[in-house]
Undergrad: 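Structure below; questions to follow.
Source: prediction; values computed, not measured.
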Amino acid sequence: MLNRVLHDWADAEATAILRRCADAAGRHGRVLILESPIISGADPAMFAEMNLRMLVLAGGRERTVDDYRALASAAGLRVAAVRDVTARHTVVECVPVTAGT
């Protein structure tokens, strides 16, 4: 489980982190990403401010669920489920890509 980790990293590093998690999880494991993704219709000024803050402080950026889906795909994972657990937190459940999926 990655709890608010990936938004601290640029895409290449976030993909590498996910790839290592996928390797550790094995063929039958799951990787859970807990983040606060940007949702459509969000205040663009708030998004820009937080995105800039993440870039300057940590080198990362704020992402949408589709952005997390792309990172997962690049790491050999596919998104099996997306669940909102609170108004500001979402769990993106990823599983290894296997033949036929």
Undergrad: When hydrophobic residues are tied together by side-chain contacts of less than 4.5 Å, even through go-betweens, does L6 share a cluster with L34?
TA: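 L6 and L34: separate clusters.
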Undergrad: If only side-chain N and O atoms count, and only distance matters, is there a donor-acceptor pair under 3.5 Å linking R78 with S73?
TA: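 Result is no, nothing qualifies.
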Undergrad: For the residue pair G26 and P96, what are the closest heavy atoms and their distance?
TA: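 Looking at all heavy atoms of both residues, the closest pair is O-CG, 3.2 Å.
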Undergrad: Using side chain to side chain contact (heavy atoms under 4.5 Å, CB included), reason through R4 and S36 one step at a time and then give a plain yes or no.
TA: CA-CA 8 Å; R4 299 188 47 82; S36 298; 3.0 Å; yes
Undergrad: Could you walk me through whether R69 and D66 satisfy the salt bridge (Lys or Arg N to Asp or Glu O under 4.0 Å) test, starting with their C-alpha distance in whole Å, then the side-chain angles of each, then the deciding distance to 0.1 Å, before giving a yes or no?
TA: CA-CA 5 Å; R69 197 178 306 277; D66 285 340; 3.6 Å; yes
Undergrad: Go through the steps for Y68 and V79 under the test side chain to side chain contact (heavy atoms under 4.5 Å, CB included), then give the verdict.
TA: CA-CA 9 Å; Y68 287 109; V79 173; over 6 Å; no
Undergrad: May I ask you to test the E35-L2 pair for a side-chain heavy-atom distance under 4.5 Å?
TA: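 With C-beta onward as the side chain, the pair stays apart.
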Undergrad: Return the set of residues passing side-chain contact (heavy atoms from CB on, under 4.5 Å) with L32 (not counting sequence neighbours), or none when no residue passes.
TA: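 side-chain contact (heavy atoms from CB on, under 4.5 Å) check on L32 returns M1, V91, E93.
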Undergrad: Once rounded to the nearest 0.5 Å, what's the spacing between atom CG of L71 and atom CZ of R19?
TA: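 Going from the CG atom of L71 to the CZ atom of R19 covers 10.5 Å.
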Undergrad: Linking I/L/V/M/F/W/Y whenever their side-chain heavy atoms sit closer than 4.5 Å, directly or via other members, would L77 and V95 fall into one cluster?
TA: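 No.
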Undergrad: Main chain of R20, side chain of D23: is a donor-acceptor contact present, judged purely on distance under 3.5 Å?
TA: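 Here the side-chain-to-backbone pair does not exist.
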Undergrad: Indicate yes or no: at least one non-hydrogen side-chain atom of T90 is less than 4.5 angstrom from one of V85.
TA: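 With C-beta onward as the side chain, the pair stays apart.
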Undergrad: Before giving the answer on side chain to side chain contact (heavy atoms under 4.5 Å, CB included), spell out for L18 and I33 the whole-Å C-alpha distance, their side-chain angles and the decisive distance to 0.1 Å.
TA: CA-CA 9 Å; L18 280 174; I33 303 167; 3.8 Å; yes
